[in-house]
Q: 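The following block contains the structure, expressed as structure tokens.
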Amino acid sequence: MCGIAGWADAGLDLTGEVDGVERMVRTMACRGPDAAGVHFGPHAVLGHRRLAIIDLDGGKQPMVAPADPDRPAGDRPSVVLSYSGEVYNFRELREELRGFGHTFRTRSDTEVVLHAYLQWGQDFVRRLNGMFAFALWDERDRRLLLVRDRLGIKPLYVARLGGGVLFGSEPKAVLAHPRFRARLDSQGLADLLGLMKSPGVTPYRDIEEVPPGCFAVYDREGLRTERYWSLGRQPHEGDLGTAADTVRDLLEDTVSRQMVTDVPLCTLLSGGLDSTVLTALAARVQARAGEPPVRSFAVDFTGSEADFQASDFRPERDSPYALEAARHIGTDHRLIELSADELTRDANRDAVLRAHDLPYTFGDVDTSLHLLFRGIREHSTVALSGESADEVFGGYAWFHDPAVVEAAAFPWLSRMQLITPGLLSPAFRAATRFEQYRADRYQEALAEVEHLPGDSPSERRMREISHLHLTRWLPALLDRKDRLSMAAGLEVRVPFCDHRLVEYVHNTPWDLKTPDGDPKGLLKRATRDIVPRSVLERRKSPYPTTADQLYEKDLRARTQALLADRSSPAFDIVDAGELARMLELPQGHYDTQLRRNGLETALYLDRWMREYDIAPE
């Protein structure tokens, strides 16, 4: 995994503009600690930071190939690639390209991507199976192609600058350019705070996110976005047994592909269904190859056994289930234990802010996740994660709550919010039309859903809810996972995001996804022979948070200090009176964590606007 950055301008000579791009590339060092490279051209400068995963010696970037090898050496335009991600079917594509006469100097998937473009043009992206975000500059027509994977696993940002564009894996790359100034986009901030994740929207004026399943094209005509993939509706054939067999086949193939690496690999094993399934399948791949047991990791908090209090939201601790799953599968299991002191340390909270480049945090969840990744990175460079299984298979409780299903709103907002509308300042709510904007974005998302004429009303509704999760909720979770892992130099792969699996399950009828009303029942049927009964029967439990009251006290103290500084730019967004009222709630009263999330968001807004010197609109 890597970080990319660069600048292209078809009408400007960039020969003397190297310093700006080098600054951008340096911000990507956390994503690529192993190597750096910059390709200089008159109209495009492409930079790269590398985390070496496959072909450690041969995959250096940016990678250059002649666009027309038959032309004289001094008159050959080039195609330049700066690539972040993994293409899991690169070996099959390489053999196919060899049949067309292509030769390869390396074993890397990067070179396969470059030659695939030369062979098939920009539509080659439809052939790729993987997670990726890359920039491809074609000197023949001074065209930049910015490509992002189908589900949005890897991030990619683009910004207009004069007649050209800047791009980077994260906003910090664009913000590092000396000619670019960070300015607030209030509507984009409302989108972020409202947990809507509208495609392409950011809280930075003039910075856009390349939407999942799209490529952005820049040339002499300007910048435009084109879609190459969307989540469509197809008829489903077969009964529950057939569906379970198909899911199992797809998962086995996906996990096998995603375990290809030249560096140490592990799994994230929480003891939930999703991570246990992946760990069990990975263990089978290791065993067939005659390799040592797969290494697995879990996280817990100091004193959690004594401090834990069960609730409907979080009914059980993870650790006992993770240990049982590890013993059942036979993994080399390790627990990373975190203290409240680590979670409250300024340096660790700041690391989360800098990883996101956004006032986006779930507080100790994000801090602990980053610290978990940092701990794993001491032992492994690649990790498999169960992210997205709940979105794909309908695992969240609100999928099965009739009141939520019937409501005309994003379903996750019934349980999860960064900030409640009441905590926003009246001026910000009015300027952004917050409630109406959220309602409009909801209707916009619904309009994308495809149905078949024979779909029943209930089937149509559940497919709408599934589509909302896969296009508006999952991208936010994937973004968080990518930022917090890559800030630690760890590549996290997400097999449940394989687009073949997503397409198949999305088109599977709801009663087959949840037979007899069993959440994720299809996944359970597909994997029940490899998962302990206790895990199969376990209730859904989210990523853990600390119950240590030291964290609560620290959060209160930070919020009180913020309230004492009425000059904070956060109070242009947050209502100070409502923030003070929230502090009056009894210590330990989390109201399904909405209160804690609101306090954390106010604090991160203050730090973000100050540290990033966000200029008003």
Q: Is a side-chain donor or acceptor of S466 paired with a backbone partner of M462 at a separation under 3.5 angstrom?
A: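 Such a contact is absent between S466 side chain and M462 backbone.
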Q: Using the ring of Y321 (Phe, Tyr or Trp, six-membered ring only), decide whether R538 places NZ or CZ under 6.0 Å from its centre and within 45 degrees of its axis.
A: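 Relative to the ring axis of Y321, which defines the angle, R538 lies inside both limits.
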Q: Could you check whether any side-chain N or O of T527 sits under 3.5 Å from a backbone N or O of I530, counting only pairs where one atom can act as donor and the other as acceptor?
A: no
Q: Would you say the side chain of V535 lies within less than 4.5 Å of the side chain of E324, judging by non-hydrogen atoms?
A: no
Q: Is the closest side-chain heavy-atom distance between M259 and L384 below 4.5 Å?
A: yes
Q: Between the main-chain N or O of M582 and the side-chain N or O of R595, is there a donor-acceptor pair closer than 3.5 Å?
A: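 Indeed, once roles are kept as given, a pair shorter than 3.5 Å links the two residues.
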Q: Is there a donor-acceptor pair under 3.5 Å between the side chain of R558 and the backbone N or O of T344?
A: yes
Q: Using the side chain to side chain contact (heavy atoms under 4.5 Å, CB included) rule, pick out the option among E378, R377, H370 that qualifies with R374.
A: H370
Q: Verify, without hydrogens or angle tests, whether D516 (side chain) and D518 (backbone) share a donor-acceptor contact under 3.5 angstrom.
A: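 No.
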Q: Under 3.5 Å, side chain of S339 to main-chain N/O of E342, donor-acceptor pair present?
A: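 Yes: the side chain of S339 pairs with the backbone of E342.
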Q: Determine the interplanar angle of the W398 and Y396 rings, folded into 0 to 90°, and report it as parallel if under 30°, tilted if 30 to 60°, perpendicular if over 60°.
A: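 W398 and Y396: parallel rings.
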Q: Under 30°, 30 to 60°, or over 60°: which ring-plane class applies to W510 and F399, parallel, tilted or perpendicular?
A: parallel
Q: Check the pair H356, Y604 against ring-ring contact (aromatic ring centres under 6.0 Å, His included), reporting the backbone distance first and the verdict last.
A: CA-CA 11 Å; H356 282 306; Y604 272 85; 8.0 Å; no
Q: Could you go step by step and tell me if D364 and T546 meet the side-chain hydrogen bond (donor to acceptor under 3.5 Å, both in side chains) rule?
A: CA-CA 7 Å; D364 64 310; T546 180; 5.4 Å; no
Q: May I ask you to decide whether D332 forms a salt bridge with R295, counting only side-chain N to carboxylate O separations under 4.0 Å?
A: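 The answer is yes: the pair qualifies as a salt bridge.
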Q: Taking atom CD1 of I573 and atom CG of L423, what is their separation to the nearest 0.5 Å?
A: 11.5 Å
Q: Would you confirm whether D606, through its side chain, and A570, through its main-chain N or O, come within 3.5 Å as a donor-acceptor pair?
A: no
Q: Taking the six-membered ring for Trp, are Y204 and Y612 parallel (under 30°), tilted (30 to 60°) or perpendicular (over 60°)?
A: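 Tilted: the ring planes of Y204 and Y612 meet at 30° to 60°.
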